[in-house]
Amino acid sequence: MTTTPLPIAAGRRTRAALLVFLRPERKRLAGAITLLIAGTVAGLLAPPLLGHIVDLASSGASTSEFVLTGVGLVAVALVDAVLAGLGFALLAQAGESTLARIREGFVESALRLPLEQVERAGAGDLTSRVTNDVTVVGEAARSAVPEFTRAILTIVLTLGGMAVLDWRFLVAALVAVPVQAYTVRWYARRAVPLYARQRVAVAAQQHHLLATIDGAPTIRTFRIAEEHSGRVAARSQQAVDLLLQGIALMTRFYARLHVAEFAGLAAVLATGFFLVRGDAVSIGTATAAALYFHGLFNPINTALALVDDAQAAASGLDRLIGVADLAGEPRTPKPVTEAPAAVVVSGLGFAYHPDRPVLRDVDLVVRRGERVAVVGSTGAGKTSLAKVIAGVHDPVSGTVEVPAGEVALITQEVHVFAGPLIDDLRLARPGATDDEVRAALAAVDAAGWVAQLPDGLATEVGAGGHTLTAAQAQQVAFARLILADPPVAILDEATAEAGSAGARLLERVAAAALEGRTALIVAHRLTQAVSADRVVVLEQGRVVQAGPHATLIEEPGPYATLWQAWSGQRDH
Ligand SMILES: Nc1ncnc2c1ncn2[C@@H]1O[C@H](COP(=O)(O)OP(=O)(O)OP(=O)(O)O)[C@@H](O)[C@H]1O
Ligand SMILES: [Mg+2]
């Protein structure tokens with residue numbers, strides 16, 4: 001199977017989108033940065049205080065002076081801890097809220113994706129974005145971003161502190177910078193493509209795994225289990241290899257950073273030695289400078305290591321925003337049509353695979369209030385036509401015009417959502433009163449069995465609750481249709497699978513639910529064609545006959561043949 005992955009946003013687009021998502025957090029962000037700066041400045045008083053203790057020791061000062069400096073150190077540590085803690089909390093809150101908004105955008109968009117786009121991308125693509133990418137970005141928002149911010153502030157302010165002690169300390173400290181800069185560029189050049197490949201490999205592995213699990217019965221039937229587990233194993237191995245390459249890269253990255261630390265600290269100590277010998281600074285000041293530089297190790301390593309998380313988070317974010325953006329892309333426009341036509345299909349072509357057309361050059365007009373039945377043999381394209389008209393799939397060629405937001409599609413794949421039955425019905429019209437819901441149920445002959453449920457309308461149904469029969473689920477679907485009250489309804493096989501007694505009940509129910517609506521009915525039982533205003537016969541994706549039932553049975557052709565077979569069957 002060829003797959004076309006879902007889109008990935010380009011870096012610039014991601015940054016622009018991120019700014020929009022961050023805008024509501026401006027105040028929290030400003031507060032957080034202020035707290036972190038104040039905390040860091042307080043923390044930076046510690047090295048000079050320690051240096052002062054060194055000077056006190058070398059000049060033989062009194063005990064009380066030591067104690068006072070010690071108290072100062074404790075105070076500085078406390079203030080730093082409290083302010084930094086508050087700043088971190090604020091920053092993490094802002095990050096979480098932002099992530100929640102991005103995730104909402106993603107889900108909203110994913111739910112609106114055309115099915116064929118998800119199918120082309122493979123289920124694993126969407127799944128790995130919802131799981132892996134959201135996790136990576138979430139961790140970044142919770143810890144990496146606050147830590148990175150704090151590290152950068154510490155670095156900048158510490159360098160400032162060194163300059164205050166003596167500008168020559170700052171110059172010495174900067175000896176480390178070229179090594180670090182080189183290391184980061186060296187790393188980023190290798191890490192970015194490596195992470196991108198890792199993500200693709202993990203998505204491919206999940207895709208193969210899901211496809212294998214989905215297709216397990218088929219795979220067993222055809223005894224191709226070994227081939228499939230081989231394929232999953234190969235994909236997994238590929239993902240593992242790439243992850244190991246990432247770890248090796250990290251190790252080399254840290255080794256190079258240690259070289260930078262060594263060079264910088266050596267320079268600062270040598271500078272301190274010469275400055276103290278020349279009486280430019282005290283031993284305490286030189287101590288403070290060395291402590292400052294040593295204090296830079298952690299924040300620098302944190303910041304640089306976070307470049308790593310940032311790369312991973314950025315590529316995750318690109319993938320999330322790539323999907324979130326799809327919602328903004330216009331789908332095939334479906335202009336509102338003037339009465340009397342409710343559905344106008346012209347020159348419609350459709351295919352699931354480019355080289356296998358399923359619908360060809362279909363023209364079909366359903367006038368307002370009209371009831372049109374679509375018949376045809378298995379695989380003729382009836383379901384596909386219903387789905388394209390309902391907007392589930394986009395046409396490949398030609399046009400479909402339906403009144404925007406006024407069409408409902410009911411298929412036999414009715415989904416009963418887990419939860420109280422009444423919530424399931426209210427999906428169709430959130431504001432519906434209990435009486436309206438009851439009236440809809442009565443109209444579809446469901447009032448009786450609903451009253452007998454353990455908790456009536458409040459009964460939990462669906463996964464984990466009371467199981468509805470297929471016919472009951474269909475009745476719920478029709479009751480939803482009545483509540484949603486769309487002017488146009490498309491019915492596909494809604495009555496096909498219920499057995500003949502069940503089918504008669506559902507036919508009656510369908511008729512009640514379609515009362516007053518324009519309807520396009522995929523008819524498997526030709527009784528539905530008899531009662532329709534017009535019948536359209538589809539064969540191999542083309543309309544081969546159209547007209548009222550009474551006319552069509554009079555002329556030789558596919559419909560007359562279908563009718564004879566159907567009524568012959570019923571006579572026995
Ligand atoms: N999701 C899909 N991917 C690829 N091909 C599909 C898909 N769904 C249907 N087809 C193919 O499209 C053609 C038309 O199928 P469709 O389901 O529209 O026929 P139908 O008239 O509804 O048949 P039935 O009477 O069995 O319901 C068939 O050849 C079918 O194999
Ligand atoms: Mg079908």
Side-chain angles (χ1 to χ4, degrees), residues 1-4 6 113-126 207 210-211 214-215 217-218 343 345 347-364 366 372-398 400 407-415 470 473-474 477 489-500 502-503 506-507 510 519-529 532 534-546 552 557-559 561-563 565-566 569:
M1 185 172 65
T2 57
T3 52
T4 317
L6 293 167
L113 282 184
L115 280 181
E116 68 258 25
Q117 194 164 8
V118 177
E119 274 168 22
R120 271 203 308 273
D125 194 359
L126 198 59
H207 172 71
L210 287 176
D214 275 354
T218 319
V343 177
V345 174
L348 175 67
F350 175 73
Y352 295 96
H353 299 287
D355 47 349
R356 257 188 284 154
V358 168
L359 295 174
R360 306 159 216 238
D361 205 21
V362 173
D363 292 318
L364 173 66
V366 184
V372 173
V374 179
V375 302
S377 45
T378 287
K382 304 180 294 291
T383 297
S384 309
L385 178 63
K387 285 185 170 172
V388 174
I389 293 177
V392 175
H393 299 307
D394 286 336
V396 171
S397 57
V400 173
V407 179
L409 170 69
I410 295 199
T411 71
Q412 68 175 23
E413 304 141 20
V414 175
H415 188 74
Q474 281 290 344
I490 302 176
L491 235 62
D492 182 19
E493 306 191 345
T495 60
E497 304 261 309
S500 61
L506 285 180
E507 255 177 64
L520 186 69
I521 303 166
V522 174
H524 275 253
R525 299 165 57 82
L526 290 190
T527 44
Q528 289 172 301
R534 215 147 45 86
V535 180
V536 170
V537 185
L538 211 58
E539 281 312 328
Q540 297 179 355
R542 289 182 202 280
V543 176
V544 292
Q545 251 186 326
L552 291 187
Y559 188 74
T561 316
L562 274 174
W563 176 250
W566 161 258
Q569 210 178 38

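Just follow the structure's listing: the first ligand is 1, and inside any ligand the first atom is 1. Values below: every heavy atom of this structure, side chains too, minus hydrogens, waters and symmetry copies.
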Does [Y] offer a backbone N or O that forms a donor-acceptor pair with the side chain of [X] under 3.5 Å?
X      : Y      : result
Lys382 : Val374 : no
Arg360 : Val543 : no
Gln545 : Val536 : no

Response to the item:
side-chain contact (heavy atoms from CB on, under 4.5 Å) with Leu520: of Val343, Leu364, Leu409, only one passes, and it is Leu364
Response to the item:
Rounding to 0.5 Å, atoms OG (Ser384) and CG (Leu538) come to a distance of 9.0 Å
Worksheet item: Any idea which atoms of ligand 1 are less than 4.0 Å away from a heavy-atom of His524?
Response: 25 (O)
Worksheet item: In terms of atom number and element, which parts of ligand 1 are under 4.0 angstrom from non-hydrogen atoms of Gly381?
Response: 14 (C), 16 (P), 18 (O), 19 (O), 20 (P), 21 (O)
Run down the list [options] and name the one with the heavy atom closest to [atom].
atom                    : options                        : answer
atom 15 (O) of ligand 1 : Gly541, Ser384, Ala380         : Ser384
atom 24 (P) of ligand 1 : Pro357, Gly379, Ser377         : Gly379
atom 20 (P) of ligand 1 : Lys387, Lys382, His353, His393 : Lys382

Discussion item. Regarding Thr383, does it place an N, O or S atom less than 2.8 Å from the Mg ion (ligand 2)?
Written reply: yes
Worksheet item: Between the side chains of Asp492 and Thr411, is a donor N or O closer than 3.5 angstrom to an acceptor N or O?
Response: no
Worksheet item: Taking non-hydrogen atoms only, is Val358 closer than 4.0 angstrom to ligand 1 via side chain, backbone, both or neither?
Response: side chain
Worksheet item: Of the backbone atoms (N, CA, C, O) and the side-chain heavy atoms from C-beta on, which set of Arg356 has a member under 4.0 Å from an atom of ligand 1: side chain, backbone, both, or neither?
Response: neither
